[in-house]
Amino acid sequence: MSATDLLVRRLRGTVLPAVATPMDGRGVVDFAALRGYAGYVAGLPVGGVAVWAHTGRGLYLSEEDRGRVLAVWRSAVDGPVVAGVGVPRSVRAERPRDVVDATVAMAVRAAEGGADAVMVYPSALLAGDDDAAVALHEAAAAASGLPVLGFLLHGEAGGYPYPPRLVARLLGLPSAAGLKLATLDRAMACQDAIRAARPTGKLVVTGEDRMFGPSLMWGADAALVGIAAARVPLTTAVLDAWRAGDHGAFVRASARLDAFAGATFLDPIEGYVQRMLWAAVWEGVLPEEAAHDPYGPDLPDAERRAVVECLERLAKEPDTPR
């Protein structure tokens, strides 16, 4: 069995948290807090973790910090570690070749650090050029020797919509393990991508924090989501109930997850990273001093209160019918 087939088998039906990166108020990574956070997540029923993803601000970190972050998670987690790879913010990419070179360099570093797969960030420079997008994924796989996940990322986070024909082409690559969907609120785009992906037999990975339950009903069979950066059991309960065919539990779990998503994934959408960090503080997973996102918008105190109030309500509500 190939490494790609093995990865598909291991990840199908599981949740991979897109983990956050604890930082102090100056934007310095707090590695002591990260080790505690990694130990906590590793003790939960996850299929693995995703590092260097959007939630973890992977493209903003220095190469040294990315390596150290990966090392912490690799030592903590037994399951697969998927590393996001693309064009770091420190790199000026003006041509498609620049995108390929930067992405390949990150993929090679991921392999050297012990990652099991890479998730390839889309680049707006390649929008409309399906051949270039396919070549990017092929180059990342060839250079790293790792399976790849495609990443259909919404424009607000720097991506662009992959048309169904491109989804089918990407998942036709021998090195492709699957496709992560993060369309934000584009139900039709999500459905169309799932329909294009399912005949390939590859993973259909939901990253749809605001459409989590529906994306499973449409055909997603694994999850890689930022909303699990803080509330892993809240997320895994939905996927587990769906796969078990327990529709009553699925509806209840989905309602709880939707309530949390409504308090954390809202305009400005880039603020969701900070909201996840606040949730992690409330949960006791991160210390206050390590819960800063220097790359997102400034948020008013009222937003933190809303996140905390949501979590407190969920903690009081039974997860059974009244």
Side-chain angles (χ1 to χ4, degrees), residues 7-19 41 44-50 53-55 79-80 82 117 119 149-154 157 159 161-162 164 167-168 170-171 176-265 272 276 314 319-321:
L7 185 72
V8 170
R9 177 176 290 187
R10 293 184 71 184
L11 294 187
R12 182 162 278 138
T14 71
V15 171
L16 283 79
V19 290
V41 172
L44 296 172
V46 297
V49 297
H54 194 73
T55 310
V82 177
M119 179 177 69
L149 288 177
F151 189 7
L152 200 170
L153 180 64
H154 59 89
Y162 290 168
V167 169
L170 289 175
L171 295 186
L179 175 74
K180 171 182 166 164
L181 299 164
T183 67
L184 183 62
D185 57 4
R186 282 74 164 179
M188 290 187 292
C190 182
Q191 291 171 338
D192 290 347
I194 290 174
R195 291 191 187 107
R198 290 195 70 180
T200 70
K202 301 296 180 68
L203 290 169
V204 182
V205 184
T206 182
E208 303 290 2
D209 307 271
R210 286 298 295 262
M211 301 188 294
F212 191 84
S215 69
L216 298 177
M217 292 188 285
W218 297 333
D221 55 12
L224 193 165
V225 282
I227 203 166
R231 300 260 68 197
V232 174
L234 197 62
T235 310
T236 57
V238 184
L239 180 57
D240 290 348
W242 176 253
R243 290 185 62 80
D246 189 339
H247 296 158
F250 173 72
V251 169
R252 293 190 297 274
S254 289
R256 292 167 62 81
L257 185 65
D258 287 347
F260 181 53
T264 50
F265 284 81
Y272 89 87
M276 286 298 114
L314 291 173
D319 191 21
T320 55

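Closest non-hydrogen pair, Val204 versus Gly219, comes out as CB-O, 4.1 Å. Of all heavy-atom pairs spanning Val205 and Ala223, the tightest one is CG1-C, 3.7 Å. When all heavy atoms of Pro161 and Leu152 are compared, the closest pair comes out as CA-CD2, 4.0 Å. Scanning all heavy atoms of the two residues, the minimum distance from Cys190 to Met211 falls at CB-CE, 4.2 Å. The shortest non-hydrogen separation linking Glu208 to Val225 is N-CG1, 4.1 Å. Taking both residues in full, the closest heavy atoms of Pro80 and Gly47 are given as CD-O, 3.0 Å, listed atom of the first, atom of the second, then distance.
With contacts defined as side-chain heavy-atom distances shorter than 4.5 Å, the pair Met276/Thr264 qualifies. Inter-residue side-chain proximity for Phe212 and Ser254 is flagged as unmet; no heavy-atom pair is nearer than 4.5 Å. The side-chain heavy atoms of Leu216 and Phe250, taken from C-beta on, include a pair separated by under 4.5 Å. Side-chain contact between Leu239 and Thr235 is absent, with no heavy atoms from C-beta onward closer than 4.5 Å. The shortest side-chain heavy-atom distance between His247 and Trp242 falls under the 4.5 Å cut-off.
Side-chain atoms of Asp209 never come within 3.5 Å of backbone atoms of Ala261 as a donor-acceptor pair (strictly under, hydrogens ignored). When atom types are taken as modelled, the side chain of Arg210 and the backbone of Asp258 share no donor-acceptor pair closer than 3.5 angstrom.
Here CG of Leu203 is found 9.0 Å from CG of Leu171. Values are rounded to the nearest 0.5 Å. Here CZ of Arg231 is found 7.5 Å from CG of Leu314. Values are rounded to the nearest 0.5 Å. With values rounded to the nearest 0.5 angstrom, Thr183 atom OG1 is found 10.0 Å from Leu153 atom CG. In this structure, CZ on Arg186 lies 7.5 Å from NE2 on His154, to the nearest 0.5 angstrom.
With respect to Leu149, the side-chain contact (heavy atoms from CB on, under 4.5 Å) criterion is satisfied by exactly one of Leu16, Leu179, Leu224: Leu224.
Look at Arg12 and Asp221 and you find a salt bridge, because one of the NZ, NE, NH1 or NH2 atoms lies within 4.0 Å of a carboxylate O, short of that distance.
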Go through the steps to decide whether Leu181 and Phe151 satisfy the test side-chain contact (heavy atoms from CB on, under 4.5 Å), and finish with yes or no. CA-CA 6 Å; Leu181 299 164; Phe151 189 7; over 6 Å; no

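Taking Arg198 as the reference, nothing meets the salt bridge (charged side-chain N to carboxylate O under 4.0 Å, His left out) condition, with sequence neighbours excluded.
Arg243 CZ: more than 12 foreign heavy atoms inside a 6.0 Å radius.
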